[in-house]
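Just so you know, these numbers use all the heavy atoms, side chains as well, and skip hydrogens, waters and symmetry mates. Every chain is numbered from 1, with letters handed out A, B, ... down the list of sequences. It should be emphasised that the depicted structure is a prediction, and the values quoted were computed from it without experimental measurement.
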Protein chains: 2
Amino acid sequence: MTAWKLGKGVLWMQNKNEFVEQLKQRGYKLTKQRQAILDVFMELERPLATAQHIFEKVVEINPGINFSTVYRNLDMLVQEGIVRKITFDQGAAYYELIDGGHHHHLICKGCGKVQCVEYCPLGDMPMKEGFVPIDHSFEIFGFCEECVRTKLLDDERRRERE
Amino acid sequence: MTAWKLGKGVLWMQNKNEFVEQLKQRGYKLTKQRQAILDVFMELERPLATAQHIFEKVVEINPGINFSTVYRNLDMLVQEGIVRKITFDQGAAYYELIDGGHHHHLICKGCGKVQCVEYCPLGDMPMKEGFVPIDHSFEIFGFCEECVRTKLLDDERRRERE
DNA sequence: GCACGCTATGCAAAACATTCCCATTTTATC
DNA sequence: GATAAAATGGGAATGTTTTGCATAGCGTGC
């Protein structure tokens with residue numbers, strides 16, 4: 001239901017209103033900053049974004065917004081189950097909208113491209129007796145088709161040189 | 001083959017020598033600091049440890065060691081395929097010995113206890129055409145048996161109070 | 001429309017993990 | 001023991017995230 005999945009403008013706004021209603025009902029105030037952050041999430045061209053990335057986008061809509069505000073609202077959105085926070089490298093955390101769909105990611109070590117996969121391992125996994133799973137992470141790192149081609153070419157050139 | 005898995009003292013040292021040989025062969029020098037770090041890894045009581053945790057343990061063996069040295073050697077061990085680095089929360093990264101076995105983790109959100117699971121989802125997952133997987137992460141968060149009991153009791157008490 | 005209470009924001013500083021630089025020390029080799 | 005190369009210690013720098021506090025802005029009741 002976000003840009004990179006459906007690309008249907010109408011739905012976004014519908015969803016934004018839903019979100020706004022949810023937030024109001026839970027006692028949150030609707031500030032310009034929050035709206036800007038939600039807007040940015042709705043229009044992300046890639047599934048995952050860092051706080052930095054989101055901040056940069058939000059600044060375009062609402063110049064003068066502070067980084068703390070972005071972080072505070074990201075935390076809030078995570079708390080409220082609207083956004084998922086995932087970390088897979090030592091650097092910055094990534095955030096993504098939870099728009100009904102649960103999915104995992106193929107992450108290219110070459111170009112950084114992220115693709116979503118529908119398969120979820122939790123069903124196939126024999127759960128340990130007594131352990132109650134709440135959440136899980138599953139990310140696959142490797143090389144996408146284009147990068148494999150590039151890499152193979154590079155390796156070939158390197159061998160020629162040596 | 002580490003303490004928390006087999007608990008057989010003899011094996012550790014055997015393995016340490018193996019490691020040391022491997023490192024020497026690859027052109028690394030055997031410093032006191034490196035030995036201390038390896039020793040610490042062999043004796044970890046839990047599978048996952050942060051750089052901070054490792055540093056603290058190493059200091060006991062080799063006081064005066066610097067944090068940079070620990071980080072540099074952790075990087076080296078990861079590079080050489082002796083240690084795996086995993087990140088699942090925004091804080092510090094975790095390190096674990098790769099002692100032949102590939103496994104994933106059940107991480108308790110209550111007490112922080114980490115249990116290893118042998119199941120690996122990569123085989124069951126239909127891989128996207130053209131993508132070449134190199135590495136992956138799969139961590140399950142939830143509550144362990146003890147914490148579930150505690151949590152259930154807590155919830156009960158809370159309901160009684162309200 | 002206005003005042004009020006509470007929440008959210010901006011700002012600056014702190015906290016934290018990690019990396020980098022460089023002078024000095026240590027290791028392996030001869 | 002001398003030497004070259006590699007590793008270390010120390011401290012500063014970096015990048016991300018959190019925090020405290022004064023001020024501003026939102027939503028509610030009048």
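- For Gln90(A), the listed nucleotide lying nearest its side chain is dT19(C); candidates were dT9(C), dT8(D), dT19(C).
- Using a 30° and 60° split on the angle between ring planes, His105(B) and His103(B) fall in the perpendicular class, above 60°.
- Straight-line distance from the CG atom of Leu23(B) to the C1' atom of dT26(C): 17 Å, rounded to whole Å.
- What separates CZ of Arg34(B) from C1' of dT25(C) is a distance of 14 Å, to the nearest Å.
- To the nearest angstrom, P of dT8(D) lies 10 Å from CG of Leu30(B).
- Proximity of residues 58-69 of chain A to DNA chain D (heavy atom under 4.0 angstrom from any strand atom) is restricted to Ser68(A).
- The base of dA5(D) sits within donor-acceptor range of the side chain of Lys29(B), with an N or O pair under 3.5 Å.
- Atom P of nucleotide dG10(D) and atom CZ of Phe55(B) are separated by 10 Å, given to the nearest angstrom.
- The two residues Ala51(B) and Leu74(B) make their nearest non-hydrogen contact at CB-CD1, 3.9 Å.
- Cation-pi geometry between Lys151(B) and Phe143(B) is met: the NZ or CZ atom falls under 6.0 Å from the ring centre, inside 45° of the normal.
- For the residue pair Tyr28(A) / Glu80(A), a side-chain donor-acceptor distance below 3.5 Å is found, with atom types taken as modelled.
- With rounding to whole Å, Asp75(A) atom CG is found 9 Å from dT19(D) atom P.
- How far OG of Ser68(A) is from CG of Asn73(A): 10.5 Å, rounded to the nearest 0.5 Å.
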Between the protein and nucleotides 21-23 of chain D, are there any N/O to N/O pairs under 3.5 Å, and if so, what are the atom names and distances?
none

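- If you measure from atom NZ of Lys24(A) to atom P of dG25(D), you get 18 Å, rounded to the nearest angstrom.
- Put simply, the residue from Ile54(A), Ile37(A), Leu48(A), Leu44(A) that forms a side chain to side chain contact (heavy atoms under 4.5 Å, CB included) with Tyr95(A) is Ile54(A).
- With Asp39(B) as the partner, the side chain to side chain contact (heavy atoms under 4.5 Å, CB included) test is satisfied by one option alone out of Asn62(B), Val58(B), Ile61(B): Ile61(B).
- The six-membered or imidazole ring of His104(B) lies away from that of His136(A), with a centre-to-centre distance of 6.0 Å or more.
- Using a distance-only test at 3.5 Å, with no hydrogens or angles considered, a donor-acceptor pair links the side chain of Arg34(B) to the main chain of Lys29(B).
- Between Gln33(A) and the phosphate of dG10(C), there is a side-chain N or O to OP1/OP2 separation shorter than 4.0 Å.
- Comparing Tyr71(B) and Lys32(B) by the nucleotide of DNA chain C whose heavy atom lies nearest to each, the residue mapping closer to the 5' end is Tyr71(B).
- Applying the 4.0 Å criterion to OP1 and OP2 of dT9(C), one finds that Thr31(A) has a side-chain N or O inside that range.
- Asp89(B) places its CG atom 11 Å from the P atom of dA17(C), with the value rounded to the nearest Å.
- The interatomic distance linking Gln35(B) (CD) with dT26(C) (C1') rounds to 13 Å, in whole Å.
- Remark on DNA chain C: of its neighbouring residues Tyr28(B) and Asn73(A), the 5'-side contact belongs to Asn73(A), judged by nearest-heavy-atom nucleotide.
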